[in-house]
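Written out below as structure tokens is the structure these notes cover.
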Amino acid sequence: MLDSFIYISDLVGVITCAISGVLVATRLRMDPFGILVLAGVTGIGGGTLRDMMMGSTPVFWITDNTYIYVIIVTAILSVFLINRIHRFPAYLLPIFDAFGLSIFTIIGAQKALMFGFSGTVAIVMGCITGVVGGMIRDILSGQIPFVLQKEVYATASILGATLYVVCDYIQLGSILSMSIAMLGTLSLRLCAIYFHLSLPVFESDK
Amino acid sequence: MLDSFIYISDLVGVITCAISGVLVATRLRMDPFGILVLAGVTGIGGGTLRDMMMGSTPVFWITDNTYIYVIIVTAILSVFLINRIHRFPAYLLPIFDAFGLSIFTIIGAQKALMFGFSGTVAIVMGCITGVVGGMIRDILSGQIPFVLQKEVYATASILGATLYVVCDYIQLGSILSMSIAMLGTLSLRLCAIYFHLSLPVFESDK
Amino acid sequence: MLDSFIYISDLVGVITCAISGVLVATRLRMDPFGILVLAGVTGIGGGTLRDMMMGSTPVFWITDNTYIYVIIVTAILSVFLINRIHRFPAYLLPIFDAFGLSIFTIIGAQKALMFGFSGTVAIVMGCITGVVGGMIRDILSGQIPFVLQKEVYATASILGATLYVVCDYIQLGSILSMSIAMLGTLSLRLCAIYFHLSLPVFESDK
């Protein structure tokens with residue numbers, strides 16, 4: 001039951017992230033295989049780095065090829081859909097990205113706790129898993145990464161992972177803890193997008 | 001015999017990639033050690049990521065220093081040559097890059113099969129090994145990565161790795177399979193450069 | 001004694017690198033958690049890649065959370081300080097960066113030798129440990145990485161690591177070797193900053 005919940009959440013995260021990759025790729029007029037590469041990087045980049053850091057190798061998509069097939073199917077369907085619809089509202093990209101961010105943050109934190117690492121490491125690992133896929137997508141496509149822009153992004157990931165670690169600590173039950181934390185992260189990020197929220201900014205003059 | 005074939009191919013890939021790194025570095029007016037860094041990143045970046053993902057650590061160039069020496073010698077010779085010739089035709093970079101792409105793609109796929117991973121993983125791993133070195137080179141030097149440009153690049157890598165996996169599956173013999181797939185990848189990419197081939201592009205309006 | 005020396009040096013490197021990350025982040029008007037992310041990436045990015053390449057996983061900051069706390073405290077203190085002072089001289093960034101480069105280069109080379117790898121590998125590993133954190137910081141923030149600019153940077157790292165390997169080879173004693181090599185690297189880099197030193201540049205016409 002828990003395993004299924006995690007597995008399905010993870011695949012949903014991969015799908016939403018892959019779509020965000022396709023959206024960026026089509027803006028850049030990439031060819032179908034280039035689109036596939038960007039969808040793949042965004043979908044499994046964060047989890048790959050997480051696994052390499054924790055020493056959980058071969059990384060997850062090597063031992064379970066489902067992830068690769070899900071990305072291929074997602075990329076093909078998205079491209080067909082985009083070819084039909086032609087004009088996408090600009091807010092689709094941050095929304096798909098927000099789903100990926102929320103799910104991957106909690107999945108990453110959960111995996112770290114499951115490996116017996118501390119709550120602090122779980123928060124960092126959640127943040128890395130959530131942020132890195134989109135970060136590579138943005139760097140590859142020459143854009144300023146979402147995580148460096150003003151709207152609550154790293155904040156949502158760090159607070160969401162912290163919420164999960166707290167829920168787990170007070171033994172709320174794994175599925176409940178993960179659901180609360182995913183919804184919390186997602187709500188925070190979506191509110192930030194909708195209301196153009198941002199934390200106070202610290203800047204030096206130079 | 002097979003081992004020698006793989007080893008020599010791998011070193012040729014490192015040399016051609018290192019030269020592509022030197023070509024980019026000299027355009028950017030880097031100093032000799034900066035050139036060496038860019039040559040190294042391009043030459044062994046892809047294989048390093050591949051080994052880390054597969055859990056084949058310490059990565060290959062740590063256990064066999066030949067790779068480091070080959071990069072140093074290549075960088076020194078290239079710099080001397082460039083200082084003599086002064087003016088390089090612009091098409092040299094994509095051509096050296098194409099050799100590295102072709103060789104590393106097949107080497108990466110072969111190593112994945114040898115580790116007992118599935119054909120699907122072998123194709124992904126081949127693509128990562130082939131593409132990542134040049135990708136880091138381009139990101140570091142502030143250029144749009146080759147893989148994101150229109151001309152058949154990720155396509156050549158993915159189709160080439162697929163060709164290798166098929167040849168291996170029908171048991172053509174390792175050296176023959178690798179040669180066919182390397183030549184196939186290289187031809188496809190060189191044709192794309194020469195004829196400015198590109199696949200149809202999917203784009204959204206925004 | 002040796003362990004303490006290495007540990008304290010490493011933490012000083014993390015602090016100076018984290019400060020350099022904060023300095024870049026505040027220029028980009030990032031929010032507090034974004035600043036934390038950039039401080040973290042710069043502070044532990046190089047060592048993380050080093051550990052993943054050597055197969056020393058889980059990476060160091062997973063098994064010793066002190067590094068994470070040090071980064072959090074450094075980021076908070078730096079932000080408060082920046083808010084008070086408002087105007088920072090532009091040369092602070094390269095100077096903090098230089099401290100991180102020097103310390104991490106030697107720590108990386110030392111760890112490689114301790115793992116029983118060759119002197120050549122130690123030099124490469126030192127260079128990677130020293131350079132990569134700042135490299136990711138610069139790429140994320142859309143700037144040309146320090147390592148690709150003209151002033152002696154990769155040069156300082158490579159020569160410093162070489163100096164350490166030589167000192168270690170002639171058995172000068174670990175702490176003495178590390179101190180000499182760190183000071184050598186730091187002096188070289190600071191001189192390069194101060195006198196705008198650069199090695200002769202090789203460039204092609206195109």
Side-chain angles (χ1 to χ4, degrees), chain A residues 22-41 44-45 47-49 51-69 71-72 75-76 78-93 136-137 139-142, chain B residues 48-57 59 111-113 115-125 127-128 130-132 134-136 138-140 142-162 188-189 192 197-206:
Chain A
V22 172
L23 286 172
V24 170
T26 50
R27 286 187 192 173
L28 295 171
R29 301 178 49 90
M30 291 171 64
D31 73 20
F33 288 96
I35 292 174
L36 193 56
V37 168
L38 209 60
V41 162
I44 57 179
T48 301
L49 182 58
D51 282 3
M52 291 193 305
M53 284 176 170
M54 302 203 312
S56 169
T57 51
V59 300
F60 66 103
W61 53 265
I62 293 184
T63 41
D64 179 358
N65 294 188
T66 313
Y67 291 93
I68 301 176
Y69 299 132
I71 286 171
I72 295 174
I76 293 173
S78 310
V79 166
F80 270 107
L81 213 64
I82 285 173
N83 255 27
R84 290 238 164 174
I85 300 186
H86 279 298
R87 179 173 285 280
F88 274 90
Y91 58 75
L92 271 187
L93 174 59
I136 305 178
R137 174 199 65 210
I139 292 173
L140 281 180
S141 55
Chain B
T48 301
L49 181 58
R50 173 202 62 208
D51 282 3
M52 291 193 305
M53 285 177 169
M54 301 203 313
S56 169
T57 50
V59 300
K111 188 159 184 180
L113 286 186
F115 268 65
F117 300 134
S118 70
T120 310
V121 168
I123 294 168
V124 177
M125 213 52 102
C127 187
I128 289 172
V131 161
V132 163
M135 204 184 251
I136 305 177
D138 294 342
I139 292 174
L140 281 181
Q143 302 175 340
I144 303 168
F146 270 35
V147 72
L148 293 195
Q149 293 173 353
K150 277 198 297 179
E151 283 170 3
V152 178
Y153 192 88
T155 311
S157 180
I158 293 173
L159 293 185
T162 309
L188 185 52
R189 177 70 190 126
L197 283 187
S198 51
L199 294 192
V201 160
F202 299 97
E203 63 177 317
S204 56
D205 280 358
K206 168 67 197 179

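Naming: A, B, ... by sequence-line order, numbering from 1 per chain. Just so it is clear, the values below take in all heavy atoms, side chains as well, and ignore hydrogens, waters and symmetry mates.
Taking CD1 of A/Ile139 as the reference point, atom CD1 of B/Ile136 lies at 11.0 Å (rounded to 0.5 Å). Here the straight-line distance linking atom CD1 of B/Ile128 with atom OG1 of A/Thr48 works out to 7.0 Å at 0.5 Å rounding. Separating the CE atom in B/Met53 from the CD1 atom in A/Ile44 is a distance of 7.0 Å, to the nearest 0.5 Å. Taking OG1 from B/Thr120 and CH2 from A/Trp61, the interatomic distance works out to 11.0 Å, rounded to the nearest 0.5 Å.
A/Leu140 touches chain B through backbone and side chain together, each having a heavy atom under 4.5 Å away.
Listed options B/Val121, B/Leu49, B/Val131, B/Asp138 were ranked by heavy-atom pairs under 4.5 angstrom with chain A; first place goes to B/Val121. Of the residues considered (A/Leu38, A/Asn65, A/Val37, A/Val41), A/Asn65 shows the highest number of contacts with chain B, using heavy-atom pairs under 4.5 Å.
When each of A/Ile68, A/Ile71, A/Ile62 is paired with B/Val124, the side chain to side chain contact (heavy atoms under 4.5 Å, CB included) condition holds for A/Ile68 and for no other.
When all heavy atoms are compared, the tightest approach of B/Met52 to A/Thr57 is O-CG2, 3.3 Å. The shortest non-hydrogen separation linking B/Phe117 to A/Pro58 is CZ-CG, 3.6 Å.
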